[in-house]
Amino acid sequence: MRLSTFLLFSLTKLRCAFPFTSSRSKVQNPLISSNLKERNTSFSSLSLSLLFAKKKEVKKETKLGMTVKKDDNFGEWYSEVVVHSEMIEYYDISGCYILRPQAMSIWETLQAFFDPEIKKMGIKNAYFPLFVTENVLQKEKDHIEGFAPEVAWVTKSGKSDLEVPIAIRPTSETVMYPYFAKWIRGHRDLPLKLNQWCNVVRWEFSNPTPFIRSREFLWQEGHTAFATKEEADQEVLEILELYRRVYEEYLAVPVIKGRKSELEKFAGGLYTTSVEAFIPHTGRGIQGATSHCLGQNFAKMFQINFEDDKGEKGMVWQNSWAYSSRTIGVMVMVHGDDKGLVLPPKVASVQVMVIPVPYKDADTTAIKAACESTVKELNTAAVRADLDTRENYSPGWKYSHWEMKGIPLRIEIGPRDLEKSQVRLVRRDTGAKVDVPMTELVEKVQKILLSIQENLFNTAKEKRDACIEKVHTWDEFTTALNNKKLIFAPWCDEKEVEEDAKARTKGDHGAAKTLCSPLDQPEITEGTVCFASGKPAKKWTYWGRSY
């Protein structure tokens with residue numbers, strides 16, 4: 001007997017000695033089947049060696065199982081989640097990541113929502129080159145100063161030095177606006193509304209984090225020009241509302257719509273609005289997306305002028321706005337748990353995973369047929385369902401695997417389910433289980449998916465709101481900051497005061513800064529003073545540490 005045949009025969013006997021357990025028993029460890037440990041059966045030393053070799057091999061191949069809890073080490077937990085759930089793979093260039101299909105499908109879902117919405121607003125898609133010359137990039141000095149440390153440069157072609165270095169776009173204002181000046185001549189050329197779906201490169205930073213801060217990332221960037229400021233102001237808010245919907249309606253992440261301070265606004269712009277999220281586990285805010293009114297600064301630099309209907313010359317008013325693949329990282333941070341990823345149903349490429357649960361001596365053919373029929377029925381009803389028919393993994397292993405990948409809903413079908421003409425549904429968000437008649441399957445699944453989407457948002461909002469602390473004094477502010485709170489404070493709206501607050505709170509965990517002043521402002525009662533300066537307060541503002 002050849003050695004390979006002998007090994008296969010021995011392992012087959014081991015598998016027969018340890019059959020897969022029922023799904024209704026305790027879920028097995030994804031790496032080591034619990035019933036293998038509990039059986040009190042003697043084996044030859046060779047059999048045991050083969051068994052442990054097999055377990056080691058499976059661990060190496062699957063890489064399943066979270067080793068770090070979210071509360072214990074958030075950074076390591078996050079790194080494990082995005083890799084083990086097959087969202088990203090690390091690349092051999094620091095700060096660059098491969099977006100795997102599970103992540104790209106989320107990006108495509110967000111794009112499928114956002115793109116038609118902006119087209120309703122008269123915005124058209126275009127594409128501009130990745131490269132920009134140095135003289136054009138430097139034309140708007142205030143703007144490029146904010147990006148200068150992050151600009152990547154092409155200096156060689158093969159072994160030859162380029163006569164003029166070429167920058168890779170960190171953003172596209174300076175790429176697009178020379179052509180806006182060419183295309184806009186009179187009022188009939190306005191408004192000009194363009195958007196592009198592309199990648200950008202921002203090179204210099206010390207702590208790259210998948211999705212959150214990477215050297216290359218995906219985004220959309222809109223660039224528009226209007227005859228009047230009123231038109232530009234209106235669009236800023238319309239786009240901001242679309243960004244709120246991206247986060248709250250699709251990613252189930254609560255955000256605050258607000259206006260950035262002068263210190264935090266887009267360099268070279270008139271004002272910046274944003275949607276701000278908050279990560280309770282780290283006590284840090286995170287800028288979700290931005291909608292900028294650029295005013296006429298870029299129009300002046302690039303000579304984007306037009307003649308109005310009265311024959312008078314004027315400069316256009318411009319906006320730019322963007323959201324990026326950072327959205328996916330925010331979703332992971334907010335919803336993920338110690339089992340891995342948790343996906344909102346609206347963005348999950350697979351909303352329901354069907355798993356057959358064969359008992360010993362069960363009619364596996366009938367079970368498989370019921371599973372296939374279930375998937376077909378759900379897919380016909382526009383529910384994204386799939387089937388796991390792998391025979392070399394136990395049901396318990398599969399449960400852990402799909403929980404790790406964040407699939408919103410699991411369906412189990414075993415012999416008892418066939419007898420009762422039912423299926424068992426298991427929610428990823430709460431772990432709740434319910435048996436449902438097959439005749440009610442589609443209706444129940446659709447309702448539960450809606451419930452999961454709502455529950456994820458409501459739970460995230462409750463956790464976020466529990467972290468908001470309203471303060472009035474500097475001592476209250478610093479205490480709240482050290483307790484990882486999202487701070488809401490009256491502020492005098494002075495740049496020097498914000499700079500001083502950042503300097504006074506600078507430390508190992510980063511300085512505090514303004515996140516945004518909410519558009520929906522509470523009343524400033526008479527006598528309310530700034531928490532940091534004691535001067536009369538002009539607005540309520542969210543403060544905190546941020547990513």
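Computed from a predicted model, the values in this text were never measured in an experiment. In this chain, residues are counted from 1 in sequence order. Only this structure's heavy atoms are used, side chains among them; waters, hydrogens and symmetry mates stay out.
By the 30° and 60° cut-offs, the orientation of the rings of Trp77 relative to Phe74 is tilted.
Within the 3.5 Å criterion, the main-chain N or O of Lys447 finds no donor-acceptor partner in the side chain of Ser451. Using a distance-only test at 3.5 Å, with no hydrogens or angles considered, no donor-acceptor pair links the side chain of Glu76 to the main chain of Val68. Side-chain atoms of Arg215 come within 3.5 Å of backbone N or O of Trp203 as a donor-acceptor pair. With hydrogens and angles ignored, the 3.5 Å screen pairs a side-chain donor or acceptor of Gln453 with a backbone N or O of Glu249. Using a distance-only test at 3.5 Å, with no hydrogens or angles considered, no donor-acceptor pair links the side chain of Thr514 to the main chain of Cys516.
Under a cut-off of 6.0 angstrom, the local environment of CZ in Arg100 is crowded, with over 12 non-hydrogen atoms contributed by other residues, nucleotides or ligands. The neighbour count for Tyr90 OH, taken as heavy atoms of other residues, nucleotides or ligands under 6.0 Å away, is above 12. Within 6.0 Å of CG in Asp508 there are 12 or fewer heavy atoms belonging to other residues, nucleotides or ligands. Taking a 6.0 Å sphere around CG of Asp520, one finds it holds 12 or fewer heavy atoms contributed by other residues, nucleotides or ligands.
Side-chain contact check for Tyr359 and Arg416: at least one donor-acceptor pair (N or O, by modelled atom type) lies under 3.5 Å. A side-chain N or O of His292 and one of Thr272 form a donor-acceptor pair less than 3.5 Å apart. Side chain to side chain, Ser172 and Gln196 meet the donor-acceptor criterion of an N or O pair below 3.5 Å. A donor-acceptor pair shorter than 3.5 Å can be found between the side chains of Trp321 and Glu235. Side-chain contact of Gln287 with Lys260: a donor-acceptor pair under 3.5 Å is present, judged by distance alone.
Counting heavy atoms from C-beta on, the side chains of Lys513 and Thr505 never come closer than 4.5 Å. Contact of the Val332 side chain with the Val330 side chain is not registered, since no non-hydrogen atoms from C-beta on lie closer than 4.5 Å. Here the side chains of Leu218 and Met104 are in contact, with some heavy-atom distance below 4.5 Å. Residues Phe488 and Glu469 form no side-chain contact, since every pair of their non-hydrogen atoms from C-beta on lies 4.5 Å or further apart. Between Val445 and Leu378 there is a side-chain heavy-atom pair separated by less than 4.5 Å. Using a 4.5 Å cut-off on side-chain heavy atoms (C-beta onward), His401 and Tyr393 make no contact. With contacts defined as side-chain heavy-atom distances shorter than 4.5 Å, the pair Cys198/Leu130 does not qualify.
Note: Thr290 OG1 to Glu276 CD = 9.5 Å, rounded to the nearest 0.5 Å. Summarising the geometry, atom CE belonging to Met333 is positioned 4.0 Å from atom CD1 belonging to Ile212; distances are rounded to the nearest 0.5 Å. The distance from the CZ atom of Arg284 to the CG atom of Leu486 is 13.5 Å, given to the nearest 0.5 Å. Atoms CD1 and CZ, from Ile328 and Phe211 in turn, are 5.0 Å apart once rounded to the nearest 0.5 Å. Between Ile413 atom CD1 and Thr374 atom OG1 the span is 3.5 Å, to the nearest 0.5 Å. The CG atom of Asp337 sits 7.0 Å away from atom NZ of Lys70, with the distance rounded to the nearest 0.5 Å.
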Self-check item: Verdict with supporting geometry, His281 and Asp71, side chain to side chain contact (heavy atoms under 4.5 Å, CB included)
Solution: CA-CA 7 Å; His281 275 79; Asp71 288 335; 2.8 Å; yes
Exercise. Determine, step by step, whether Ser320 and Glu221 satisfy the side chain to side chain contact (heavy atoms under 4.5 Å, CB included) criterion, reporting the C-alpha distance in whole Å, the side-chain angles of both residues, the deciding distance to 0.1 Å, and the verdict.
Key: CA-CA 7 Å; Ser320 70; Glu221 53 176 323; over 6 Å; no
Exercise. Go through the steps for Ile487 and Leu481 under the test side chain to side chain contact (heavy atoms under 4.5 Å, CB included), then give the verdict.
Key: CA-CA 7 Å; Ile487 303 166; Leu481 185 66; 3.9 Å; yes
Self-check item: Thr282 and Tyr547: CA distance, side-chain angles, deciding distance, side chain to side chain donor-acceptor pair (under 3.5 Å) verdict
Solution: CA-CA 10 Å; Thr282 61; Tyr547 284 94; 3.1 Å; yes
Quiz item: Taking it one step at a time, do Lys368 and Thr389 satisfy side chain to side chain donor-acceptor pair (under 3.5 Å)?
Solution: CA-CA 8 Å; Lys368 183 178 179 182; Thr389 58; 5.5 Å; no
Quiz prompt | Trace of the side chain to side chain contact (heavy atoms under 4.5 Å, CB included) decision for Lys405 with Glu86 | solution = CA-CA 7 Å; Lys405 296 189 73 171; Glu86 299 180 358; 2.9 Å; yes
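Each of Tyr323, Tyr250, Trp219, Tyr247 was compared with Phe114 under the ring-ring contact (aromatic ring centres under 6.0 Å, His included) criterion, and only Tyr323 meets it.
For the pair Arg245 and Glu241, the salt-bridge criterion is not met [side-chain N within less than 4.0 Å of a carboxylate O]. Between Arg410 and Glu412 there is a salt bridge, since at least one side-chain N of the basic residue sits less than 4.0 Å from a carboxylate O of the acidic one. For Asp429 and Arg427, the salt-bridge test passes: some basic side-chain N is under 4.0 Å from an acidic carboxylate O. Classification of Asp388 and Lys398 as a salt-bridged pair holds, one side-chain N sitting under 4.0 Å from a carboxylate O.
In this structure, Lys485 forms no cation-pi arrangement with Trp543, as its terminal cationic atom is not both closer than 6.0 Å to the ring centre and no more than 45° off the ring axis.
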